[in-house]
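First up is the structure itself, then whatever we jot down about it.
This one's a predicted model, so the numbers in the text were calculated from it and none came from an experiment. The residues of the chain are indexed from 1 along the displayed sequence.
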Amino acid sequence: MSLNVTFATTTWLWTSPFTTETTSLFSKIKEMGFDAVEIPVEDPALIDAQKVKHALEEQDLKPVICGAFGPSRDLTHEDPSYHKTSLDYIRRCFQISAEVGARFVAGPMYSAVGKARLLPPDKKKMEWDLAVNNLHKVCVMATEYGQEIALEPLNRFETDLINNTEDLMQLIDDINHPAAKVLLDGFHMNIEERNIVDAISRVGDKLIHVQVSENYRGTPGTGQTRWEDYRKGLELVGYQGVVSIESFTPEIKELAGAVCIWRPLAESQDAFASEGLKFLKSWAS
């Protein structure tokens, strides 16, 4: 039985940051055979949502909105001014998402990416409680825009807060709001999960977005990922959403440095996308 999924790629595969002009990639993405495109919102001021919506409609592409959570966007910071900065940014993401016709904002919005420390239990609990309380506010905000949030576990080198689906489901239980949902990224899962099928089954119908690349962040189908386990897990939970290729270009040095990509991972970024999609369509069929 085929997986009833559609396929996307992120514009991060070619460029950063996303601006209104980045929509020039949409025709190529559509020609390659993708159904949707991930739009990473690094700076909301660079995005004219109405123009982006028009470009999506022209190419018949569905949008997925992802947040970018650098050091200044930290809902677990001890300084409340960081919370305000984060909440203001997330609100802009919801506004953009609603305007372009997406239904959720995805990403590791519980904390700033890169906060990976060995904390004493009292400090850990303080940051956990901040994440829970602030993300409940985010969920309330999401409903104002007809949106949800897709929370993403990251590997241990990128965060000390939420590393796997067990962590994430505890966080979602504590948030206790129906808008809190799940994004799973195979790159992080390949590092942190003992069993892929069990991990996907654990999140169940909370799963609303999936990102994939190889274990080394390269083209799907060229590494050591246990793709059949991902397929079995998605079948078990009845997943029918988007499966999106997420990796990054080594040509944008700030982005490449942030994600530790020090060399090209494919013959070209176009080949990365097109060959990855060819593999994924075969994998899902």
Side-chain angles (χ1 to χ4, degrees), residues 10 17-18 38-47 49 63-115 124-154 158-185 188 203-211 241-242 244 246:
T10 176
F18 184 95
E38 268 191 24
I39 298 172
V41 179
E42 293 170 77
D43 183 351
L46 300 177
I47 299 173
V64 177
I65 300 299
C66 294
F69 297 92
S72 66
R73 297 168 183 164
D74 185 358
L75 291 176
T76 62
H77 201 284
E78 60 187 13
D79 182 347
S81 69
Y82 282 74
H83 308 169
K84 182 180 186 309
T85 296
S86 303
L87 293 170
D88 288 347
Y89 164 72
I90 293 168
R91 181 178 293 277
R92 287 292 295 121
C93 288
F94 285 140
Q95 290 169 344
I96 290 169
S97 185
E99 272 198 80
V100 302
R103 64 185 185 90
F104 58 83
V105 174
M109 62 186 75
Y110 40 82
S111 182
V113 175
K115 283 178 69 175
K124 181 89 168 182
K125 184 178 188 308
M126 184 191 79
E127 293 199 0
W128 181 275
D129 290 345
L130 283 170
V132 169
N133 293 333
N134 281 320
L135 285 171
H136 192 276
K137 294 176 185 176
V138 169
C139 287
V140 172
M141 187 191 303
T143 61
E144 296 174 20
Y145 296 93
Q147 298 282 299
E148 295 176 317
I149 61 172
L151 295 168
E152 176 187 12
L154 298 182
E158 297 185 38
T159 186
D160 53 48
L161 194 65
I162 305 295
N163 296 134
N164 55 35
T165 55
E166 188 173 357
D167 294 338
L168 182 60
M169 293 312 291
Q170 182 61 61
L171 180 67
I172 287 175
D173 284 348
D174 288 357
I175 294 167
N176 191 27
H177 193 287
K181 300 294 175 63
V182 173
L183 153 63
L184 292 181
D185 182 328
H188 302 294
V203 304
D205 63 4
K206 294 282 188 183
L207 183 62
I208 60 173
H209 191 50
V210 174
Q211 293 173 335
V242 172
S244 181
E246 186 194 54

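H188 has its side chain out of reach of Q211: every pair of non-hydrogen atoms, C-beta onward, lies at least 4.5 Å apart. Taking 4.5 Å as the limit, some side-chain heavy atom of P44 sits within range of a side-chain heavy atom of I96. A heavy-atom distance below 4.5 Å is not found between the side chains of M126 and D129. Using a 4.5 Å heavy-atom threshold, the side chains of L135 and L151 count as touching. Considering only heavy atoms from C-beta on, T76 comes within 4.5 Å of K115 through its side chain. Between V105 and V41 the shortest side-chain heavy-atom distance does not fall below 4.5 Å. Under the 4.5 Å side-chain criterion, counting only non-hydrogen atoms from C-beta, P153 is not in contact with D167. Within the 4.5 Å cutoff, no side-chain heavy atoms of E38 are placed close to those of V242.
Judged as a side chain to side chain contact (heavy atoms under 4.5 Å, CB included), and not counting sequence neighbours, the contacts of R103 are E148, I208.
Within the model, atoms CG of L87 and CE of M109 stand 11.0 Å from one another, a figure rounded to the nearest 0.5 Å. Note that OG of S97 is 12.5 Å distant from CD1 of I90, once rounded to the nearest 0.5 Å.
Residues E246 and D185 come closest through the heavy atom pair OE1-OD2, 3.0 Å. Of all heavy-atom pairs between D74 and S86, the closest is N-OG, 2.8 Å. Here the shortest heavy-atom pairing between Q95 and Y145 reads NE2-OH, 3.3 Å. Closest heavy-atom contact between I172 and A180: CG2-O, 3.9 Å. What you find for L207 and V203 is that their closest heavy atoms are CB-CG2, 3.9 Å. Of all the heavy atoms in T159 and L161, the pair that sits closest is OG1-N, 3.2 Å.
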Using the side-chain contact (heavy atoms from CB on, under 4.5 Å) rule, take W128 and L171 through it: C-alpha gap first, then chi angles, then the decisive distance, then the call. CA-CA 8 Å; W128 181 275; L171 180 67; 3.8 Å; yes
Walk me through it: do I162 and L154 pass the test side-chain contact (heavy atoms from CB on, under 4.5 Å)? CA-CA 6 Å; I162 305 295; L154 298 182; over 6 Å; no
Go through the steps to decide whether H209 and F104 satisfy the test side-chain contact (heavy atoms from CB on, under 4.5 Å), and finish with yes or no. CA-CA 9 Å; H209 191 50; F104 58 83; 3.7 Å; yes
Derivation and outcome, side-chain contact (heavy atoms from CB on, under 4.5 Å), residues K137 and N134: CA-CA 5 Å; K137 294 176 185 176; N134 281 320; 3.7 Å; yes
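In this structure a side-chain-to-backbone donor-acceptor pair under 3.5 Å is present from H83 to H77. Q147 places no side-chain N or O within donor-acceptor distance of the main-chain N or O of A179, the cut-off being under 3.5 Å. Looking only at distances, no side-chain donor or acceptor of K206 sits under 3.5 Å from a matching main-chain atom of M169. Under a 3.5 Å cut-off, the side chain of D174 and the backbone N or O of V132 do not form any donor-acceptor pair.
Ring geometry for F69 against Y89 counts as perpendicular: the plane angle is over 60°, on a 0 to 90° scale with 30° as the lower cut.
Here the rule is side-chain contact (heavy atoms from CB on, under 4.5 Å) with F18, and of D43, L46, I39, T10 only I39 fits it.
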